[in-house]
Amino acid sequence: MKVLHMFTTIMCILILAACNNQDNSSTTQGDSSDIVMLSSETSNAHEEQSIPSIAQTYLDDQTNDIASYKAIHMEDQLFVAFNATPLKQAVEQKIEKRVKKDLETLTNIKEIQVTSDQKFFMELTKLENQPLSKEEAQKKLKKLKKLLKEKT
């Protein structure tokens, strides 16, 4: 009798957990369809002529200057944080300006933020690991803009 009761309890818990996971995954994907995270560790799996695809291809081609990068694209905004290669760390600001100018030309987006700031890089890494709704992502992006302005 105890075995039957335990078995029934465990099955109910498993069924409820499975149903709960399905509901959460559908809502987060539906809300964040306009948010695209890019990283030097991920492959280019976007539409060929989309802005994330163009930006990721460009950043992947910059292996002489950029060791790794994180980027987020949402609506008409692109935020890029990168780590320069050891030999290019002395000229990080020149690389920032060149990458920003090139991305503006390639993507026709005017609101592009490019930085080599480690704090910004870590914040984008945190964002990449969190499932966010569109509203939450916009709030985080506003905080990131403020973070860029605090740069000394």
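Just so you know, these numbers use all the heavy atoms, side chains as well, and skip hydrogens, waters and symmetry mates.
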Which value, rounded to the nearest 0.5 Å, describes the distance between [X] atom [atom1] and [Y] atom [atom2]?
| X | Y | atom1 | atom2 | result |
| --- | --- | --- | --- | --- |
| Leu148 | Lys143 | CG | NZ | 15.0 Å |
| Thr105 | Ile54 | OG1 | CD1 | 12.0 Å |
| Glu136 | Leu141 | CD | CG | 12.0 Å |
| Asn129 | Leu124 | CG | CG | 11.0 Å |
| Asn64 | Thr85 | CG | OG1 | 7.5 Å |
| Ile51 | Gln77 | CD1 | CD | 11.5 Å |

Considering all heavy atoms, the nearest [X]-[Y] contact:
| X | Y | result |
| --- | --- | --- |
| Tyr58 | Leu106 | CD1-CD1, 3.7 Å |
| Ile109 | Glu104 | O-CG, 3.4 Å |
| Ser116 | Glu92 | OG-OE1, 3.2 Å |
| Gln138 | Met74 | CG-CE, 2.9 Å |
| Ala81 | Phe120 | CB-CD2, 3.4 Å |
| Thr125 | Lys70 | OG1-CE, 3.5 Å |

Margin query: Using the rule side-chain contact (heavy atoms from CB on, under 4.5 Å), only one of Leu59, Ile95, Asp117 pairs with Phe82; which is it?
Written below: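 Answer to the side-chain contact (heavy atoms from CB on, under 4.5 Å) test with Phe82 among Leu59, Ile95, Asp117: Ile95.
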
Next item on the list: Answer yes or no: is there a side-chain heavy-atom contact under 4.5 Å between Thr115 and Phe79?
Entry: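 When only atoms from C-beta onward are counted, Phe79 and Thr115 do not touch, as no gap falls below 4.5 Å.
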
Note to self: In the structure I gave you, are the side-chain heavy atoms of Glu75 and Glu111 within less than 4.5 Å of one another anywhere?
What the structure shows: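 No, their side chains stay 4.5 Å or more apart.
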
Next item on the list: Check the pair His73, Gln56 against side chain to side chain contact (heavy atoms under 4.5 Å, CB included), reporting the backbone distance first and the verdict last.
Entry: CA-CA 11 Å; His73 174 256; Gln56 187 162 17; over 6 Å; no

Notebook entry, point to check: Just checking, any donor-acceptor pair under 3.5 angstrom between side chains of Gln118 and Asn83?
Noted result: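 Yes, Asn83 and Gln118 have a side-chain donor paired with an acceptor closer than 3.5 Å.
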
Check: Is the shortest distance from a Lys or Arg side-chain nitrogen in Glu123 or Lys126 to a carboxylate oxygen in the other one below 4.0 Å?
Finding: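 So Glu123 pairs with Lys126 through a salt bridge.
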
Margin query: Going by the rule side-chain hydrogen bond (donor to acceptor under 3.5 Å, both in side chains), which residues pair with Gln113 if we only count those two or more places apart in sequence or in a different chain?
Written below: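 Residues passing side-chain hydrogen bond (donor to acceptor under 3.5 Å, both in side chains) with Gln113: none at all.
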
Next item on the list: Tell me, with the steps shown, if Asp65 and Val99 meet side chain to side chain contact (heavy atoms under 4.5 Å, CB included).
Entry: CA-CA 10 Å; Asp65 299 332; Val99 168; over 6 Å; no

Item checked: Cluster check Met122, Ile72: I/L/V/M/F/W/Y, side chain < 4.5 angstrom ->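 No, Met122 does not connect to Ile72 through the hydrophobic network.
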
